[in-house]
Amino acid sequence: MSAADTTTPVKVPPPRQAPPPPAAERPRANRPSGGTAVPWLLLAPCLLILALVMGYPLARLVTLSFQKFGQSQLWGFQPAESVGFGNFAKVLGDGEFWTVVVRTIVFAAGAVVFTMVIGMAIALLLQRVSGWLKVLITIVLVASWGMPVIVATTVFKWLFDSDYGVFNALLSKLPGVEMIGHNWFASGPEGLAVIMLLVVWGAVPFVVITLSAGLTQVPKELEEAARLDGAGAWGVFRYVTLPVLKPIIVMLTTLSVIWDMGVFPQVFVMRNGHPEPEFQVLNTYSYDRAFVVNDYAQGSAIALITVLLLLGVVAVYMRQMLKIGEVE
């Protein structure tokens, strides 16, 4: 008998079988049909308030702009008559209206430019000052931002008063300058410059706080890399900081245009409730036509044209934001 015959054969273990495929997941139970209605039910009170507070006045504004509506119609002596686009034709054919439009656009453009430039400068400065000074500046900005418009306008009227104004007194201390008794509101451009300064003063805090929050999101690594590549302070700001802040800048610019195009209390209070023709902007001009001339229909038409102009600004803003979203 050979060794091969006496050797016990080695048993080879059976090959390991692959695990069975997982069973098909059970289909999830369909969500109740009322689930999609819950958000709308929660939003219903807010939407109702918006419809009452904004929807009805806007609808009434549109209705009045297509009617003949004066004091006789207001007191019920005569019914309101439909005049179609007559009010718009009368407004658009008035040279004074276009003068007011140009004045409003120039005023808003100047206010927006100064607001954004000063706001950006202060926001960049806040990144380079010590902690206690940064807190102090922030407190001052928030305090000025929270000041009521009427109070701020009254303060500016005192600062630029022709007889007791602090600003004239400070300028008169410069060599060869005599400003005591100078009336800043004797001419439209100088008076609007003062009002523009008031608008910028009230808008800068919001811009500074928003841009300061945006500057914290700028990657320090990109700034350091730009400096290593030889970029100076302006190069870092232009090629690193500005691209990161572009969405915020576009938003702030759009909001500033809307706010400054719709300025009313600063002009109205600064001119004691009776703005002269050279101080009229779109909102005060609409108010003057409606409540001074008592032509409510024409005032409504001017207000509606203003709304359409602002909607154009909003459309440009949405287009820019969509472009930014596509790039990202």
Side-chain angles (χ1 to χ4, degrees), residues 40 43-108 111 148-150 153 188 192 195 199 254-255 257-318:
W40 290 105
L43 288 174
C46 180
L47 295 177
L48 179 61
I49 294 175
L50 287 177
L52 293 176
V53 174
M54 300 181 62
Y56 175 76
L58 185 59
R60 185 59 176 162
L61 178 71
V62 174
T63 302
L64 284 177
S65 63
F66 290 97
Q67 293 178 342
K68 178 183 178 182
F69 201 94
Q71 276 193 328
S72 300
Q73 288 77 17
L74 178 64
W75 294 104
F77 298 132
Q78 294 180 2
E81 301 177 9
S82 177
V83 295
F85 290 93
N87 291 320
F88 294 96
K90 187 176 180 180
V91 169
L92 297 176
D94 187 4
E96 184 181 359
F97 168 76
W98 291 109
T99 302
V100 173
V101 171
V102 173
R103 184 184 299 119
T104 305
I105 293 175
V106 173
F107 177 88
V149 176
I150 305 301
T153 306
L192 286 176
I195 298 174
V199 172
T254 306
L255 291 176
V257 171
I258 293 174
W259 292 336
D260 296 342
M261 285 281 290
V263 64
F264 177 83
Q266 294 89 339
V267 180
F268 191 79
V269 176
M270 192 74 78
R271 302 314 302 141
N272 301 316
H274 302 284
E276 296 85 347
E278 60 268 23
F279 288 92
Q280 293 284 2
V281 291
L282 276 173
N283 274 4
T284 60
Y285 186 65
S286 173
Y287 176 88
D288 186 76
R289 288 292 175 179
F291 298 103
V292 178
V293 183
N294 294 321
D295 192 344
Y296 305 102
Q298 193 174 134
S300 300
I302 296 171
L304 188 58
I305 293 174
T306 305
V307 171
L308 295 177
L309 289 175
L310 294 180
L311 286 178
V313 176
V314 174
V316 173
Y317 164 72
M318 295 301 297

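When a residue number appears, it is its place in the shown sequence, counting from 1.
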Which pair of heavy atoms, one from [X] and one from [Y], lies closest together, and at what distance?
X	Y	answer
Gly299	Ser286	O-OG, 2.8 Å
Phe107	Leu192	CE1-O, 3.6 Å
Ala80	Gln67	CB-OE1, 3.6 Å
Leu64	Ala297	O-CB, 3.4 Å
Leu282	Val100	N-CG1, 3.6 Å

To the nearest 0.5 Å, what is the distance between [atom1] on [X] and [atom2] on [Y]?
X	Y	atom1	atom2	answer
Phe268	Asn283	CZ	CG	12.0 Å
Leu43	Leu48	CG	CG	12.0 Å
Lys90	Ile302	NZ	CD1	10.0 Å
Ser65	Asn87	OG	CG	7.0 Å
Thr306	Leu61	OG1	CG	9.5 Å
Thr254	Met318	OG1	CE	10.0 Å

Side chain proximity check, [X] to [Y], heavy atoms < 4.5 angstrom:
X	Y	answer
Phe279	Ile195	yes
Leu50	Met54	yes
Tyr317	Ile258	no

Apply the test side-chain contact (heavy atoms from CB on, under 4.5 Å) to residues Ile305 and Leu92: give CA-CA distance (whole Å), side-chain angles for both, the deciding distance (0.1 Å), then the verdict. CA-CA 10 Å; Ile305 293 174; Leu92 297 176; 3.9 Å; yes
Please confirm whether the backbone N or O of Glu96 pairs with a side-chain atom of Asp94, one donor and one acceptor, at under 3.5 Å?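 Looks like yes, one N/O pair under 3.5 Å.
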Before you tell me yes or no, could you show the steps for Val313 and Met261 under side-chain contact (heavy atoms from CB on, under 4.5 Å), namely the whole-Å CA-CA distance, both residues' side-chain angles and the distance that decides it to 0.1 Å? CA-CA 10 Å; Val313 176; Met261 285 281 290; 5.7 Å; no
For a quick check under 3.5 Å, do Arg289 and Tyr285 share a side-chain donor-acceptor pair by atom type?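 Yes, Tyr285 and Arg289 have a side-chain donor paired with an acceptor closer than 3.5 Å.
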If the plane angle is over 60° it's perpendicular, under 30° parallel, otherwise tilted; pick one for Phe66 and Phe88.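 Tilted.
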Qualifying residue for side chain to side chain donor-acceptor pair (under 3.5 Å) with Arg271, from Glu276, Gln280, Gln266: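 Testing Arg271 for a side chain to side chain donor-acceptor pair (under 3.5 Å) against Glu276, Gln280, Gln266 leaves exactly one candidate, Glu276.
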